[in-house]
Amino acid sequence: MQNAPNTLTIVRPDDWHLHLRDGVVLDSVVGDSARQFARAIVMPNLKPPVTTTEQALAYRDRIVAALERAGLAGGRFTPLMTLYLTDNTPADEIAKARASGVVHAVKLYPAGATTNSDAGVTDLLGRCRPALEAMQKWDMPLLVHGEVTDKDIDLFDREAVFIDRVMIPLRQAFPQLKVVFEHITTRQGAHYVRDAQGPIAATITAHHLLYNRNALFLGGMRPHWYCLPVLKRETHRQALVEAATSDSPRFFLGTDSAPHSKGLKENACGCAGCYTALHAMELYATAFDAAGRLDRLEAFASLNGPAFYGLPVNQGTLTLQRGRYDIPAELALGDASVVPLAAGESLAWRVVEKA
Ligand SMILES: NC(=O)N[C@@H](CC(=O)O)C(=O)O
Ligand SMILES: [Zn+2]
Ligand SMILES: [Zn+2]
């Protein structure tokens, strides 16, 4: 890494948690990720969800076709596919997924926890043992949306409670299973991942590094800052920054960029998800710079993820330059539009030569 005060060149980064959606929306968003990242773990929460290797291969073909239409073909961007775990995922589906060379992980959505999670798991250790055993055997990571769905648990406590009720028993039962605690939002999540034994890692979004829950209510309700797990208080944001910029290899970049149309966000019951693919590296660089730890961005964005997944580090580089980046007010999203996170504001860093 060359680290001059106003320029930063890092190994080309990857996004280890991304929602690309499908159809016309996929066409609108795929270029934003491909211009910065070499690879992305593509989330399977489509309608209907991607539950089989066959569906994952077909979805991958649609992503590659969309890249071609965007003039971004030629292996510049590789989608790493995932399967959506259900109560009925058979063990041989995991073997098939591993043999495909295309599916790199399986995603746990507790039923009802987040967008398109209705088909998710109702009882992980009761119903999913055969699949979990196969994942442990085939070295297939389990990616976890770590929130309990119990209506009696305060929304802001759902991640912390998940650690005790689900994460710890899961990892005791399957100590060799690779687990990624996705989009962690709390001090408890960061400290659990930092201190736990065995193969565990976590992704952290740019918005959870940059904002606390005040952003949701600044002068009124701000639906474009609403995602799940929801933004937490400042002490949690600080713990996430400390984890992301630490020398632990267990923390890496996952944008959780999750586009929803403007109309579905600015709504009496607005959807959860922030669109950050457009300006992901600008957001992360701004967060790392604010912490005085730009020197840690390359490990977080480009080295720790491949090491955990057992994949090679990318060949190319990405250069960021200090300079004002104005975030557009809105972007086309299929037949509708999407409002990117922090629309209309500006950031302190910009990516040079995205194409
Ligand atoms: N993060 C979100 O708020 N939303 C994601 C789902 C998820 O990652 O939980 C989505 O698909 O919209
Ligand atoms: Zn999630
Ligand atoms: Zn997500």
Side-chain angles (χ1 to χ4, degrees), residues 5-8 10 13 15 17-19 25 28-29 31-33 35-37 183 185 203-238 240-241 244-245 253-267 270-294 296-297 300-301 318-333 336-354:
N6 295 316
T7 342
L8 180 67
I10 60 171
D15 184 350
H17 184 133
L18 176 64
H19 299 272
V25 173
S28 299
V29 301
D32 286 340
S33 293
R35 277 185 278 274
Q36 295 163 78
F37 299 105
H183 49 42
T185 63
T203 55
I204 307 180
T205 76
H207 41 292
H208 290 101
L209 291 175
L210 285 167
Y211 302 103
N212 64 37
R213 65 192 190 181
N214 286 354
L216 279 161
F217 305 106
L218 206 72
M221 273 180 61
R222 297 192 170 243
H224 298 292
W225 267 266
Y226 176 57
C227 66
L228 288 170
V230 72
L231 292 170
K232 303 296 191 299
R233 62 167 70 236
E234 175 64 10
T235 50
H236 295 290
R237 188 194 70 80
Q238 286 170 4
L240 297 175
V241 170
T245 61
L253 185 157
T255 60
D256 194 19
S257 178
H260 292 275
S261 71
K262 186 177 181 205
L264 288 175
K265 294 284 293 176
E266 297 174 8
N267 193 288
C271 291
C274 300
Y275 189 62
T276 54
L278 174 76
H279 47 336
M281 287 309 298
E282 283 88 351
L283 289 164
Y284 279 110
T286 300
F288 274 64
D289 193 15
R293 294 315 306 260
L294 276 172
R296 301 296 315 163
L297 185 61
F300 178 79
L318 183 91
T319 299
L320 288 138
Q321 212 170 53
R322 196 184 295 278
R324 183 175 155 158
Y325 172 80
D326 294 320
I327 305 169
E330 57 185 78
L331 306 158
L333 187 75
S337 65
V338 63
V339 176
L341 185 81
E345 296 182 19
S346 57
L347 297 169
W349 284 82
R350 52 166 65 229
V351 170
V352 183
E353 281 176 37
K354 275 194 183 177

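Note that these values count all heavy atoms, side chains included, but never hydrogens, waters or copies made by symmetry. Since the structure is predicted, the reported quantities are computational estimates derived from the model, not experimental observations.
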Asker: What are the two closest non-hydrogen atoms of Leu333 and His260, and how far apart are they?
Answerer: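 Scanning both residues completely, I find the closest heavy atoms to be CD2-C, 3.9 Å.
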Asker: With side chains defined as the heavy atoms from C-beta onward, is the minimum distance between His224 and Glu266 less than 4.5 Å?
Answerer: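 Touching, per the 4.5 Å side-chain cut-off.
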Asker: Is there a donor-acceptor contact under 3.5 Å from the side chain of Lys265 to the main chain of Cys274?
Answerer: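 No; judged by distance alone, with no hydrogens or angles, the pair does not exist.
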Asker: For the atom pair CG (Leu228) and SG (Cys271), what is the distance rounded to the nearest 0.5 Å?
Answerer: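 Atom-to-atom, Leu228:CG and Cys271:SG are 10.5 Å apart.
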Asker: Can you find a heavy atom in the side chain of Thr245 that is under 4.5 Å from one in the side chain of Phe300?
Answerer: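 Counting from C-beta outward, Thr245 and Phe300 never come under 4.5 Å.
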Asker: Taking C-beta and beyond as the side chain, do Leu297 and Leu320 meet within less than 4.5 Å on heavy atoms?
Answerer: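 Counting from C-beta outward, Leu297 and Leu320 do come under 4.5 Å.
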Asker: Taking all heavy atoms of Pro13 and all of Leu318, pick out the closest pair and write down the distance.
Answerer: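 The answer is CD-CB, 3.8 Å.
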Asker: State whether the side chain of Tyr284 and the backbone N or O of Ala206 hold a donor-acceptor pair below 3.5 Å, judged by distance alone.
Answerer: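 Between the backbone of Ala206 and the side chain of Tyr284 there is a qualifying donor-acceptor contact (under 3.5 Å).
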Asker: How many angstroms lie between OG1 in Thr205 and CG in Leu240, if you round to the nearest 0.5 Å?
Answerer: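 Result: 8.0 Å between the selected atoms.
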Asker: Please evaluate residues Thr203 and Asp256 with respect to the criterion side-chain contact (heavy atoms from CB on, under 4.5 Å), reporting the C-alpha separation (whole Å), side-chain torsions for both, the decisive distance (0.1 Å), and the verdict.
Answerer: CA-CA 9 Å; Thr203 55; Asp256 194 19; over 6 Å; no
Asker: Within the 4.5 Å heavy-atom criterion, are Leu231 and His208 side-chain neighbours or not?
Answerer: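 A side-chain contact exists here, since the closest heavy-atom pair is under 4.5 Å.
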Asker: Atom CG of Asn212 and atom CZ of Arg233: how far apart are they, to the nearest 0.5 Å?
Answerer: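 One gets 9.5 Å once the value is rounded to the nearest 0.5 Å.
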Asker: At their closest point, which heavy atom of Trp349 faces which heavy atom of Asp289, and how far apart are they?
Answerer: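 Smallest interatomic distance, heavy atoms only, reads NE1-OD2, 2.8 Å.
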Asker: Any donor and acceptor pair, going by atom type alone, linking the side chain of Ser257 with main-chain N or O of Thr276 inside 3.5 Å?
Answerer: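 Confirmed, Ser257 side chain pairs with Thr276 backbone.
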Asker: Which atoms form the tightest heavy-atom contact between Ala343 and Ala329, and what is the distance?
Answerer: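 Smallest heavy-atom distance, with atoms named: CB-O, 3.6 Å.
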Asker: Can Leu278 and Val338 be said to form a side-chain contact (heavy atoms from CB on, under 4.5 Å), step by step?
Answerer: CA-CA 11 Å; Leu278 174 76; Val338 63; over 6 Å; no
Asker: Counting only N and O atoms by type, is there a donor-acceptor contact under 3.5 Å from the side chain of Asp15 to the main-chain atoms of Thr255?
Answerer: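 Pair found, side chain donor or acceptor close to backbone of Thr255.
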Asker: Is there a donor in the side chain of Thr185 and an acceptor in the side chain of Lys232, or the other way round, less than 3.5 Å apart?
Answerer: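 There is such a pair (donor and acceptor under 3.5 Å, judged by atom type) between the side chains of Thr185 and Lys232.
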Asker: Is any side-chain heavy atom of Leu341 closer than 4.5 Å to one of Tyr211?
Answerer: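 Tyr211 vs Leu341: side chains touch.
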Asker: Could you check Leu331 against Tyr275 for side-chain contact (heavy atoms from CB on, under 4.5 Å), going step by step and ending with a plain yes or no?
Answerer: CA-CA 10 Å; Leu331 306 158; Tyr275 189 62; 3.8 Å; yes
Asker: Backbone N or O of Ala277 within a donor-acceptor pair of the Gln36 side chain at under 3.5 Å?
Answerer: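 Yes; judged by distance alone, with no hydrogens or angles, the pair exists.
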Asker: To the nearest 0.5 angstrom, please state how far the OG atom of Ser337 sits from the NZ atom of Lys262.
Answerer: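 Between atom OG of Ser337 and atom NZ of Lys262 there are 5.5 Å.
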Asker: For the CZ atom of Arg322 and the OG1 atom of Thr286, what is their distance to the nearest 0.5 Å?
Answerer: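 It comes to 9.5 Å.
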Asker: For the residue pair Ile204 and Leu209, establish whether any side-chain heavy-atom pair is separated by less than 4.5 Å.
Answerer: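 Contact flag for Ile204/Leu209 side chains = yes.
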Asker: For Glu330 and Pro340, which heavy atoms make the closest approach, and how far apart are they?
Answerer: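 Taking every non-hydrogen atom into account, CA-CD, 3.9 Å.
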Asker: Give a yes or no answer on whether the side chain of Glu282 reaches the backbone of Val351 with a donor-acceptor pair at less than 3.5 Å.
Answerer: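 At least one qualifying donor-acceptor pair exists.
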Asker: Can you find a pair of side-chain heavy atoms, one from Leu253 and one from Met281, that are under 4.5 Å apart?
Answerer: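 With C-beta onward as the side chain, the pair touches.
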Asker: Once you round to the nearest 0.5 Å, how far does CG of Leu210 lie from CD of Glu345?
Answerer: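 Reported value, rounded in 0.5 Å steps: 10.0 Å.
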